Number of protein chains: 2
Amino acid sequence: MHTLSEENYLKCIYRLWQDRGEKITPTAIAEWLGNNPASVVDMIRKLTDKQLIIYDKKKGVELTAQGQKDATLIVRRHRLWEVFLLEKLGYHWDEIHDIAEDLEHIKDATLADRLDKFLGFPEYDPHGDPIPKANGKMAKRHSITLADVKPGTHCRVAAVKDTTSAFLQYLQKLDISIGTKIQLIEKIPFDGSLVISIAGGERTTVSQKFGENILTDI
Amino acid sequence: MHTLSEENYLKCIYRLWQDRGEKITPTAIAEWLGNNPASVVDMIRKLTDKQLIIYDKKKGVELTAQGQKDATLIVRRHRLWEVFLLEKLGYHWDEIHDIAEDLEHIKDATLADRLDKFLGFPEYDPHGDPIPKANGKMAKRHSITLADVKPGTHCRVAAVKDTTSAFLQYLQKLDISIGTKIQLIEKIPFDGSLVISIAGGERTTVSQKFGENILTDI
DNA sequence: AAATAAAATTAGCCTTGCCTAATTTTATTT
DNA sequence: AAATAAAATTAGGCAAGGCTAATTTTATTT
Ligand SMILES: [Mn+2]
Ligand SMILES: [Mn+2]
Ligand SMILES: [Mn+2]
Ligand SMILES: [Mn+2]
């Protein structure tokens, strides 16, 4: 099996691949994990030896079929534990990510499946991310951000991209959670700021960065 | 905070102190953890520096007040997770120990307390061991083994000392679990074997070692 | 095409937590 | 009291997973 560090790298590569799509470079991995590029190069060698990734200086880092499978299961555990922490233990959505970051590494043949069953086979985690099934399949990820939507559109908050507590607490302050209806009223050309109405309420202005971290539905 | 290894050593020392009472030597720790005595000496230095233990060649290793407190909280987490795994996820009692061995190291300020509440503040874990409260207090441990009891006595299985699956599966085969009534019919002087009747059933003979690993009530 | 900047890699070092082998200390036997 | 055995300790090493500093490669500017 994999070490804790190997798992964190795998999950990081999976994540960068999922939400950026671009070529995954050692520097990108280093930034995401807060490690030094030199350390990343070491781990790239190790994961390559284990046949979990393929590294081509032109194409960057890619997961092999096995690497993808393994990464998916880690993500599955992470998201299931997040549901557990929120729904069963009463944590808030800005507190669960870091704890799940550790829980995801607990390995037992049947633990994830039992937890899945106990939670009633949830499709999405508390941040709106789809939970991979045991076979690796999962519901579609949302991809249109609030910043992409045409002014005038009414949409629903389906997921958040950023899961730091800084962002989640700001959302809480604005009374926004998964399912909240938002109308995009206007985009300010100068800096991309967004004028929105939350759940039919007054106009509020948020930054472009804010809008890019909210994924929408409908 | 403590590393995973430091925590495992603390818990080991706590355990040896609780159920042997004797002087705790580096060799005893090494045997319990399956490590080399030389490694234990290294860790003794580290835990001493951290003021979690005091080591005196005469008295052996002892936990300081802080060490005791920390160890108790690890044990608390271990036992709470065991209850969770058995009651909520449907594991059998011989499968939960190893998983809890990892879960006990997940650190978050409120996790144990939330789990405790979620489980309904259980007093004992699935092996009959008392679960320390957040303040360190806990219900009395049972101390009389089946091997200590006088022939003729009817007693109740209150806890098991050994939690290896070899022992627990044997118990399951004999239909013994926490709460089962057992009458000790006879002790064989030759080798200490015990003739017992399980829940009023037929006579069965078990070894002395078996009897020493069952703690009784009433 | 050179010059410069950025990214990737290498070399060498550190800490943790373990090990083996050798040595010293402490207990037990004779 | 010696001899022997057991326990504890020291010395030296190793793998994992980080780091910094130096170097090489690759991209970008000029
Ligand atoms: Mn993690
Ligand atoms: Mn999430
Ligand atoms: Mn443990
Ligand atoms: Mn237990």
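Because only heavy atoms are used, hydrogens play no part in the values below, and waters and symmetry mates are left out as well, while side chains stay in. Quick caveat, the model's predicted, so the values are computed rather than measured. Note on naming: letters A, B, ... go to the chains in the order of the sequence lines (proteins, then strands), and numbering restarts at 1 for each one.
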Problem - Spacing between A/E31 atom CD and C/dA6 atom P, to the nearest angstrom - result: 13 Å

Exercise for the section: Kindly check if the number of other-residue, nucleotide or ligand heavy atoms within 6.0 Å of CD (B/Q18) is above 12? Expected result: yes

Handout entry: B/F121 six-ring face occupied by B/K117 cation (under 6.0 Å, within 45°)
Key = no

Handout entry: Stepwise salt bridge (charged side-chain N to carboxylate O under 4.0 Å, His left out) check, B/D19 with B/R15
Key = CA-CA 6 Å; B/D19 55 62; B/R15 227 208 187 266; 2.9 Å; yes

Exercise for the section: Check the distance between D/dT25's P and A/Y55's OH and give it to me in whole angstrom. Expected result: 14 Å

Handout entry: B/K57, NZ atom: more than 12 neighbouring heavy atoms under 6.0 Å
Key = yes

Problem - Nucleotide of C/dT9, D/dT9, D/dG17 approaching A/K57 most closely (side-chain heavy atoms) - result: C/dT9

Exercise for the section: Provide, to the nearest angstrom, the distance between the NZ atom belonging to A/K46 and the P atom belonging to C/dT9. Expected result: 16 Å

Exercise for the section: Using whole Å, report how far CG of B/L33 lies from C1' of C/dG17. Expected result: 12 Å

Handout entry: Whole angstrom value for the distance that separates P of D/dT25 from NZ of A/K58
Key = 13 Å

Show the atom names and distances, to 0.1 Å, of all donor-acceptor pairs under 3.5 Å that link a side chain in residues 29-40 of chain A to residues at least two apart or in another chain.
residue : atom : partner : partner atom : Å
A/N35   : ND2  : A/Y9    : OH           : 3.0
A/N36   : OD1  : A/A38   : N            : 2.8

Please write out each protein N/O paired with an N/O of nucleotides 18-21 of chain D under 3.5 Å, distance rounded to 0.1 Å.
residue : atom : partner : partner atom : Å
D/dG18  : OP1  : A/S5    : OG           : 2.4
D/dC19  : OP2  : A/N36   : N            : 2.8
D/dC19  : OP2  : A/S39   : OG           : 2.5
D/dT20  : OP2  : A/N36   : ND2          : 3.0

Fill in the blank from the handout: Residue pair A/L4/B/P26 against DNA chain D: nearer the 5' end by closest nucleotide is B/P26

Practice task
Name all residues meeting the side chain to side chain donor-acceptor pair (under 3.5 Å) criterion together with A/S177; count only those two or more places apart in sequence or in a different chain, and write none if there are none.
Solution key: none

Exercise for the section: Check whether any side-chain N or O of A/R45 sits under 4.0 Å from OP1 or OP2 of C/dT10, and answer yes or no. Expected result: yes

Practice task
Mind calculating the distance between CG (A/D56) and P (D/dT26) to the nearest angstrom?
Solution key: 12 Å

Practice task
Check DNA chain D against residues 14-23 of chain B and give the residues with a non-hydrogen atom under 4.0 Å, in numerical order.
Solution key: none

Handout entry: Atom pair distance, as rounded to whole Å: CD1 in A/I29 and C1' in C/dA7
Key = 13 Å

Handout entry: Heavy-atom side-chain contact between A/L194 and A/V149 under 4.5 Å
Key = no

Fill in the blank from the handout: A correct dot-bracket answer for DNA chain D, with pairs being Watson-Crick or G-U at under 3.5 Å, [ ] for crossing pairs and | for inter-strand pairs, is ||||||||||||||||||||||||||||||

Handout entry: Donor on one side chain, acceptor on other, A/S5 and A/N8, under 3.5 Å
Key = no

Report, one line per pair, each donor and acceptor closer than 3.5 Å where one atom sits in a side chain of residues 74-82 of chain A; sequence neighbours left out.
residue : atom : partner : partner atom : Å
A/R76   : NH1  : A/D116  : OD2          : 3.3
A/R76   : NH1  : A/P132  : O            : 3.0
A/R76   : NH2  : A/D113  : OD1          : 2.7
A/R76   : NH2  : A/D116  : OD2          : 3.3
A/R77   : NE   : A/E104  : O            : 2.6
A/R77   : NH2  : A/E7    : OE2          : 3.3
A/R77   : NH2  : A/E104  : O            : 3.2
A/H78   : ND1  : A/E104  : OE1          : 2.7
A/H78   : NE2  : A/E82   : OE2          : 2.9
A/H78   : NE2  : A/H97   : ND1          : 3.2
A/R79   : NH1  : A/P130  : O            : 2.7
A/W81   : NE1  : A/L103  : O            : 3.4
A/E82   : OE1  : A/H127  : ND1          : 3.0
A/E82   : OE2  : A/H97   : ND1          : 3.4

Practice task
Would you mind reading off the distance between A/H105 atom NE2 and D/dG17 atom C1', rounded to a whole angstrom?
Solution key: 14 Å

Handout entry: Min side-chain heavy-atom separation A/L85-B/L111 under 4.5 Å
Key = yes

Practice task
Identify whether NZ of Lys or CZ of Arg in A/K88 sits under 6.0 Å from the centre of the six-membered ring of B/F84 and within 45° of that ring's axis.
Solution key: no

